[in-house]
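Structure first, then comments.
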Amino acid sequence: MPMDPDLKSYLEDLRHGLMDHAEQLNHETRELVENVRKDLTQHTEQLNRETRAHAEQLNRETRILVEDLRQHIQLIAEGVTTVRDQLGQIIADHEERITQLERRMP
């Protein structure tokens, strides 16, 4: 049974309208995806720049702290050496006194 020409025309117009609408939605979706991709790329690049700057600042601060620590360790080492030398002298003095006392004993 043949289709009514008006119905056929209506359905054909509806099909074309739906296809045009689907094509428009595809185009808009592609644009949206591209815009989101650009935004994400820009945001990622900004985060990378900020992260690099933060890492560089941390490296500078770490170098300063390490150098300061190195100086403190050097001071401690010098103090330990001084105390060791003083103790060595005290021990030598005591040994000499003990030796002198032993010689006096009958």
Side-chain angles (χ1 to χ4, degrees):
M1 170 184 241
M3 186 180 288
D4 178 54
D6 290 337
L7 178 59
K8 185 176 181 178
S9 176
Y10 170 77
L11 291 174
E12 189 64 28
D13 289 345
L14 183 62
R15 184 178 73 82
H16 285 295
L18 287 173
M19 289 178 68
D20 290 344
H21 186 67
E23 187 176 320
Q24 179 64 30
L25 286 175
N26 283 335
H27 177 73
E28 290 173 5
T29 301
R30 283 191 296 274
E31 285 181 351
L32 181 63
V33 166
E34 185 60 31
N35 289 338
V36 168
R37 183 179 288 126
K38 286 179 184 177
D39 288 347
L40 285 174
T41 299
Q42 290 173 352
H43 185 67
T44 300
E45 289 170 355
Q46 177 65 28
L47 287 175
N48 285 341
R49 284 189 297 273
E50 291 172 4
T51 300
R52 271 190 236 96
H54 186 67
E56 289 170 5
Q57 179 64 27
L58 286 175
N59 284 337
R60 283 190 295 273
E61 291 173 3
T62 300
R63 280 193 291 274
I64 290 168
L65 290 173
V66 166
E67 185 58 35
D68 190 49
L69 184 59
R70 186 177 291 131
Q71 291 171 357
H72 283 87
I73 290 171
Q74 180 64 36
L75 290 173
I76 291 170
E78 290 170 2
V80 167
T81 300
T82 300
V83 169
R84 185 194 66 210
D85 292 346
Q86 289 173 347
L87 283 175
Q89 185 60 46
I90 291 170
I91 290 171
D93 290 347
H94 283 299
E95 286 179 2
E96 185 178 326
R97 286 183 200 170
I98 291 171
T99 302
Q100 287 175 2
L101 286 174
E102 286 175 344
R103 286 184 192 151
R104 288 185 195 168
M105 292 175 66

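This structure is a prediction, so every number in the text was calculated from the model and none was measured. Keep in mind that the numbers below use all heavy atoms, side chains included, and drop hydrogens, waters and symmetry copies. Throughout, residue positions are numbered sequentially from 1 according to the sequence presented.
With sequence neighbours left out, the side-chain contact (heavy atoms from CB on, under 4.5 Å) criterion links Glu56 to Arg60.
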Practice task
Go through the steps for His94 and Ile91 under the test side-chain contact (heavy atoms from CB on, under 4.5 Å), then give the verdict.
Solution key: CA-CA 5 Å; His94 283 299; Ile91 290 171; 5.7 Å; no
Problem - Trace of the side-chain hydrogen bond (donor to acceptor under 3.5 Å, both in side chains) decision for Asn35 with Glu31 - result: CA-CA 6 Å; Asn35 289 338; Glu31 285 181 351; 5.9 Å; no
Practice task
Decide side-chain contact (heavy atoms from CB on, under 4.5 Å) for Glu102 and Ile98; before the verdict, give the C-alpha distance in whole Å, the side-chain angles of both, and the deciding distance to 0.1 Å.
Solution key: CA-CA 6 Å; Glu102 286 175 344; Ile98 291 171; 3.8 Å; yes
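Other residues, nucleotides and ligands contribute more than 12 heavy atoms inside 6.0 Å of the NE2 atom of His16. For Gln46, the CD atom is densely surrounded, since the number of other residues' heavy atoms within 6.0 Å is greater than 12. Around CZ of Arg103, the count of heavy atoms belonging to other residues, nucleotides or ligands within 6.0 Å does not exceed 12.
For the atom pair CG (Leu14) and CE (Met19), the distance works out to 12.0 Å, reported to the nearest 0.5 Å. Here the NE2-OG1 distance, from His27 to Thr29, works out to 10.0 Å after rounding to the nearest 0.5 Å. Here CD of Gln42 is found 12.0 Å from CG of Leu47. Values are rounded to the nearest 0.5 Å. Summarising the geometry, atom OG1 belonging to Thr62 is positioned 11.5 Å from atom CG belonging to Leu69; distances are rounded to the nearest 0.5 Å. Atoms CG and CG, from Asp13 and Leu18 in turn, are 11.0 Å apart once rounded to the nearest 0.5 Å.
Tested against Asn26 for a side chain to side chain contact (heavy atoms under 4.5 Å, CB included), the candidates Arg30, Glu28, Gln24 yield a single pass: Arg30.
A donor atom on one side chain and an acceptor atom on the other are not found under 3.5 Å apart for Gln89 and Asp85.
By the 4.5 Å heavy-atom criterion applied to side chains, Leu58 and Glu61 are counted as neighbours. Put simply, the side chain of Glu67 reaches to within 4.5 Å of the side chain of Arg70, judged on heavy atoms.
Distance alone, capped at 3.5 Å, is enough to place a donor-acceptor pair between the Thr44 side chain and the Leu40 backbone.
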Expected list for residues 74-84: side-chain donor-acceptor pairs under 3.5 angstrom, two or more places apart:
{"from": "Gln74", "atom 1": "NE2", "to": "Glu78", "atom 2": "OE2", "distance (Å)": "3.1"}
{"from": "Thr81", "atom 1": "OG1", "to": "Ala77", "atom 2": "O", "distance (Å)": "2.9"}
{"from": "Thr82", "atom 1": "OG1", "to": "Glu78", "atom 2": "O", "distance (Å)": "3.0"}

